[in-house]
Amino acid sequence: MKRNDLRNIAIIAHVDHGKTTLVDQMLKQGGAFRENQVVAERVMDSNDLERERGITILAKNTSCVYNDVKINIIDTPGHADFGGEVERILKMVNGVILLVDAAEGPMPQTRFVLQKALELGHRIIVVVNKIDRPDARLDEVGDEVLELFMELDATDEQLDSPFLFCSGREGTASRDYNTNGTDLTPLFDTILDYISCPEGEEDAPLQMLVSSIDYNEYVGRIAIGRVERGTIKLNQEVMVGDYNKTKKEYRGKIVSMYQIEGLQRVPCEDAKVGDVICISGLENISIGDTIGKFGEFEALPFVNISEPTVEMTFSVNDSPFAGKEGKFVTSRQLRERLFKELLKDVSLRVTETENTDSFRVCGRGEMHLSILIENMRREGYELSVSTPRVLYKEIEGELNEPVEQLVIDVPENCVGSVMEKMGYRKAELTHMTPVGERMRIEFLIPARGLFGYRSEFLTDTKGEGILNSIFYGYQPYKGDIPRRNTGSLIAFEAGEAVTYGLYNAQERGSLFIGAGTPVYEGMIVGASPKAEDLVVNVCKRKHLTNTRASGSDDALRLVTPRIMSLEDALEFLAEDELLEVTPKSIRIRKRTLNNNMRAKERSK
């Protein structure tokens with residue numbers, strides 16, 4: 001059976017190449033909104049964090065209708081740390097739209113997502129987006145995309161993929177870059193003509209692969225996936241199991257079923273081959289499971305998700321300010337929240353440690369874990385996290401470490417400072433090409449060499465540099481890389497920071513706090529330019545006398561403190577430091593708070 005009335009596609013691209021903006025226009029021109037409906041920009045980025053940061057974090061389903069054909073669209077993240085989201089949803093679709101920026105061309109994540117799509121044999125529509133950019137390089141970008149196809153061993157059919165030229169913001173597309181389109185009709189026509197429609201046996205026993213999990217307080221877990229074979233009906237008795245037989249098969253009943261139309265989930269009575277649906281009522285269902293016909297169950301294989309490369313220790317907050325700002329502070333609550341995250345994030349790993357108050361959390365990168373921490377603190381959790389560490393592997397008796405492919409785009413006058421820092425961090429130069437008035441430099445760098453570099457990079461390039469990285473593979477250990485060449489300014493005693501104490505402390509380094517901030521002994525209040533830590537008394541008040549001296553009572557001027565974001569704080573952390581995260585505050589502290597105890601530990 002062929003479903004000519006249906007197409008399932010995913011939009012894949014590097015971060016910030018315009019996927020979500022293009023989906024906005026596809027929904028508008030596909031009739032998903034009323035004519036007078038007010039629609040926010042990047043409507044698919046529904047999560048608060050996504051809207052604030054301007055990035056897509058979670059893959060999301062939507063649909064529109066063109067010429068009586070329903071097009072299910074999946075908007076995917078572009079950041080390398082959320083690659084697991086892309087890997088699993090590619091099993092739901094029959095083809096992909098590969099979006100490439102008209103100026104930047106193919107970037108690291110473009111290669112990663114394209115490779116996954118080619119491996120699954122999907123048909124590709126190449127869309128060169130942002131053609132209205134003044135620095136667009138349409139000819140060169142087209143050649144670069146074809147070179148990438150050849151490097152990734154694309155088949156002859158995939159090499160003949162159609163090319164379209166779009167402006168996602170304007171909602172136009174054309175087949176020839178010399179002519180400006182008026183709407184997205186050429187894109188819709190290409191989807192209908194080139195992307196194959198879903199096929200399957202409608203009368204065969206049911207098979208549905210779960211590619212995504214949502215959660216609702218009222219109905220519990222909601223499984224999202226595509227019907228691969230047969231028909232599924234409301235209130236039907238089904239079997240649930242997985243291909244690798246890691247858990248026992250069990251019976252269940254479909255309590256509610258929805259199809260996705262535009263941005264809404266619409267209840268339905270049944271679904272056929274190719275339909276992307278949401279189902280509730282199946283307890284303990286997880287990503288990679290197969291829902292099949294009771295009595296004739298046959299599990300489907302699931303894609304192998306790439307392994308995590310970075311770990312952190314999440315533990316209960318034990319600072320002097322513990323429990324003052326958070327709603328969930330116990331190890332039981334922390335454990336429940338972390339294991340709940342595993343249900344919908346296939347790239348995450350959580351294991352318990354010997355200490356009942358701490359958990360080892362492994363992810364795809366610093367951003368992957370920092371988004372989890374940010375979501376937890378917004379939900380009212382209070383916790384402390386360790387510095388990020390890479391996960392080493394022993395291969396043939398030799399210690400290996402994760403290596404990242406790093407692409408840096410900088411003005412020509414910044415190349416020297418970038419090269420100097422890369423050498424210090426054991427990076428290996430692989431490619432260097434001019435792109436307009438800028439230089440694109442590619443390196444292979446140990447993943448640990450990138451810790452703490454992003455903010456330094458922005459300073460070195462005066463905010464003009466673009467830095468992107470993606471996991472490349474494991475290589476032999478490259479040797480020691482110092483994590484940080486600056487020390488910390490540590491609070492001497494508990495109390496409230498005052499202007500007089502801060503004025504004396506700011507001569508020793510840059511401060512992270514202002515007057516009136518509560519501090520405790522062992523809390524880090526600033527960065528020292530020297531390699532060693534310094535203890536400062538920011539609570540020290542001026543000794544008052546009844547004699548006034550000329551000039552000594554002038555107003556003390558404080559330098560504006562550097563307010564650390566969550567990512568900045570994680571980059572700053574040294575091995576003997578922890579990050580205290582609460583719904584209202586982010587504080588950096590020493591593991592051992594007592595100054596005398598720390599001095600004894602250092603002298604051992």
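We use all heavy atoms of the structure for the numbers below, so side chains are in, but hydrogens, waters and symmetry mates are not. Source: prediction; values computed, not measured.
- The residue from K584, R377, R587 that alone fulfils the salt bridge (Lys or Arg N to Asp or Glu O under 4.0 Å) condition with E325 is R587.
- Using cut-offs of 30° and 60° on the angle between ring planes, the pair F471 and Y474 is perpendicular.
- Here F321 and Y520 bring their ring centres to under 6.0 angstrom of each other.
- No option in E521, E577, E580, E601 other than E577 meets the salt bridge (Lys or Arg N to Asp or Glu O under 4.0 Å) test with K590.
- Taking 4.0 Å as the cut-off between side-chain N and carboxylate O, E307 and R349 count as a salt-bridged pair.
- For Y381 and F328, the ring centers sit closer than 6.0 Å to each other.
- Comment: R337 engages E341 in a salt bridge, judged by a side-chain N to carboxylate O separation of less than 4.0 angstrom.
- The salt bridge (Lys or Arg N to Asp or Glu O under 4.0 Å) test with R448 is passed by exactly one of E404, E575, E311, E401: E401.
- Distance check: E382 CD to T330 OG1 gives 11.0 Å after rounding to the nearest 0.5 Å.
- For the pair N594 and R598, the minimum side-chain heavy-atom distance is 4.5 Å or more.
- One finds no salt bridge joining E104 and R440 here, because no Lys/Arg side-chain nitrogen approaches an Asp/Glu carboxylate oxygen to under 4.0 Å.
- The closest side-chain heavy-atom distance from R335 to E352 is below 4.5 Å.
- Note on R589 versus D318: salt bridge recorded, some NZ/NE/NH1/NH2 to OD/OE distance being below 4.0 Å.
- Remark: R454 does not engage E567 in a salt bridge, criterion side-chain N to carboxylate O under 4.0 Å.
- Aromatic ring centres of F512 and F572: separated by under 6.0 Å.
- Legend: residues meeting side chain to side chain donor-acceptor pair (under 3.5 Å) with S528, ordered by chain and number and at least two apart, are absent.
- Checked for salt-bridge contact, R438 and D409 meet the test: a charged N lies under 4.0 Å from a carboxylate O.
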